[in-house]
Amino acid sequence: MERIEAICQWMKEIVKDAHAEGVVFGLSGGIDSAVVAGLAKRAFGDDALGIIMPIESNPQDEHDARLVAESLDLKIEKVDLSKTYHALVDASMDSDNQLAKNNIKPRLRAVTLYYYAQDRNYLVCGCSNASEFYTGYFTKYGDSASDLMPIASFVKSEVVELAKALDLPKEVIEKKPTAGLYEGQTDEDDMGFTYDELDAVIRSDYRGDHRDAIDHKHAISEHKRNMPPKFER
């Protein structure tokens, strides 16, 4: 597929310009990280590394991540961050804000990825797609913390097409999208609308009931897509 080759070539150029040797990324068991894994393996071979980082996660997610790795002959490592998560929560304040607690998880994963990246002279590859990026459906300095984002210009439906072209496992392609922050959580339940509706807004051809909600999420998450503002002298 010509598009896949173009993405892989772009990834190689980014890594070369940084004088790095490969990429590392979180392998969650979902379709986005699976596509990034497929692209990274094509671009860098054995210098593509997937890290499975459960934090009291559903065992099915690790099963699916390993399924992806096996299908790609991808190098992986597992770092269980459950104890680290609880150590941080126990050592700090007692918060009733569950979202604040949940967002610790992707931030711990980002720290882990950058540890591996610096050790191996790799870059960290982000797994956000255009649909999530548009609405800010990601954790600032968590899953958005990366050096390159290969699929951030592709809406969810396009990511599915990339997954099929990469011949990724059917179970992962058809899996209900979830950030895995808590048991039973799904992306669409959290957002309050479907990916199909969201993708249509991004393509500027949707005027349905959720248009205002999607526009609102895009507006209030602008800070998440930009570098921090600095005072200009």
Side-chain angles (χ1 to χ4, degrees), residues 22-38 40-41 48-120 122-129 132-133 136-147 149 151 168-169 171-191 224:
V23 294
V24 60
F25 46 88
L27 194 61
S28 68
I31 189 171
D32 298 315
S33 71
V35 168
V36 168
K41 178 66 178 182
L49 176 64
I51 311 290
I52 300 172
M53 297 172 282
I55 303 178
E56 297 181 340
S57 305
N58 188 328
Q60 184 64 42
D61 292 337
E62 181 176 341
H63 172 273
D64 293 340
R66 291 185 179 278
L67 192 64
V68 170
E70 290 169 9
S71 73
L72 297 171
D73 191 25
L74 175 74
K75 285 186 176 180
I76 57 171
E77 292 202 22
K78 176 182 175 180
V79 181
D80 193 323
L81 295 169
S82 301
K83 290 183 180 179
T84 307
Y85 169 76
H86 284 291
L88 175 57
V89 172
D90 292 343
S92 58
M93 62 179 176
D94 183 17
S95 174
D96 293 325
N97 189 327
Q98 192 58 48
L99 183 59
K101 288 183 177 179
N102 288 340
N103 280 331
I104 293 172
K105 298 176 182 181
R107 290 178 177 132
L108 286 176
R109 291 175 178 131
V111 169
T112 305
L113 291 174
Y114 273 98
Y115 178 47
Y116 274 86
Q118 187 167 2
D119 177 73
R120 301 182 182 217
Y122 284 0
L123 295 186
V124 174
C125 212
C127 300
S128 293
N129 60 56
E132 296 166 344
F133 200 66
Y137 190 69
F138 56 85
T139 299
K140 194 172 185 177
Y141 304 123
D143 45 331
S144 67
S146 59
D147 301 306
M149 302 176 75
I151 62 172
L168 294 172
E171 297 93 323
V172 175
I173 294 175
E174 296 179 350
K175 186 177 181 179
K176 204 170 187 66
T178 173
L181 296 177
Y182 53 87
E183 188 65 31
Q185 180 260 338
T186 70
D187 293 358
E188 293 182 335
D189 285 345
D190 277 0
M191 292 188 297
K224 300 173 77 172

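Residue numbers count from 1 along this sequence.
Asp61 and Arg66 are not joined by a salt bridge, as no carboxylate oxygen comes within less than 4.0 angstrom of a charged side-chain nitrogen.
In this structure the side chain of Phe133 never reaches within 4.5 angstrom of the side chain of Lys224, judged on heavy atoms. The shortest distance between side-chain heavy atoms of Val24 and Arg120 does not fall below 4.5 Å. Counting heavy atoms from C-beta outward, Asn103 and Lys140 have side chains that stay 4.5 Å or more apart. Side-chain atoms of Leu168 and Val35, non-hydrogen and from C-beta on, do get closer than 4.5 Å to each other. Leu49 has its side chain out of reach of Val23: every pair of non-hydrogen atoms, C-beta onward, lies at least 4.5 Å apart.
The nearest pair of heavy atoms linking Gly29 to Asp64 is O-CB, 3.6 Å. Annotation for Ser128 and Asp143: closest pair OG-O, 4.2 Å, computed over non-hydrogen atoms. Here the closest heavy-atom approach between residue Ile52 and residue Ile76 is recorded as CD1-CD1, 4.0 Å. What you find for Leu74 and Ala37 is that their closest heavy atoms are CD2-CB, 3.9 Å. The minimum heavy-atom distance linking Tyr141 with Ala110 is given by the pair O-CB, 4.0 Å. Across every non-hydrogen atom of Glu132 and Phe138, the tightest pair is O-CD2, 3.7 Å.
Side chain of Lys41 to main chain of Lys75: no donor-acceptor pair is present (N/O by atom type, distance under 3.5 Å, no hydrogens or angles). A donor-acceptor contact shorter than 3.5 Å links the side chain of Ser57 to the backbone of Ile55. Distance alone, capped at 3.5 Å, places no donor-acceptor pair between the Lys78 side chain and the Ile51 backbone. Formation of a donor-acceptor pair under 3.5 Å by the Ser33 side chain with backbone atoms of Ser28 is found in this model. Looking only at distances, a side-chain donor or acceptor of Asp147 sits under 3.5 Å from a matching main-chain atom of Val124.
Atom OH of Tyr122 and atom CZ of Phe25 lie 10.0 Å apart (nearest 0.5 Å). One finds the CG atom of Leu108 at 11.0 Å from the CG atom of Leu113 (value rounded to the nearest 0.5 Å). Atoms OG1 and CD1, on Thr84 and Ile104 in that order, are 11.5 Å from each other to the nearest 0.5 Å. To the nearest 0.5 angstrom, Leu88 atom CG is 11.0 Å from Leu81 atom CG.
Few gaps surround CD on Glu77; more than 12 heavy atoms of other groups in view lie less than 6.0 Å from it.
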side-chain contact (heavy atoms from CB on, under 4.5 Å) between Thr139 and Arg107, intermediate numbers included: CA-CA 8 Å; Thr139 299; Arg107 290 178 177 132; 3.6 Å; yes
side-chain contact (heavy atoms from CB on, under 4.5 Å) evaluation trace for Leu27 with Val36: CA-CA 9 Å; Leu27 194 61; Val36 168; over 6 Å; no
Derivation of the side-chain contact (heavy atoms from CB on, under 4.5 Å) call for Tyr116 and Val79: CA-CA 11 Å; Tyr116 274 86; Val79 181; 3.5 Å; yes
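Residues Ser95 and Asn97 bring no donor and acceptor atom of their side chains to less than 3.5 Å of each other. Checking Glu56 against Tyr85 by side-chain atom types alone, no donor-acceptor pair falls below 3.5 Å.
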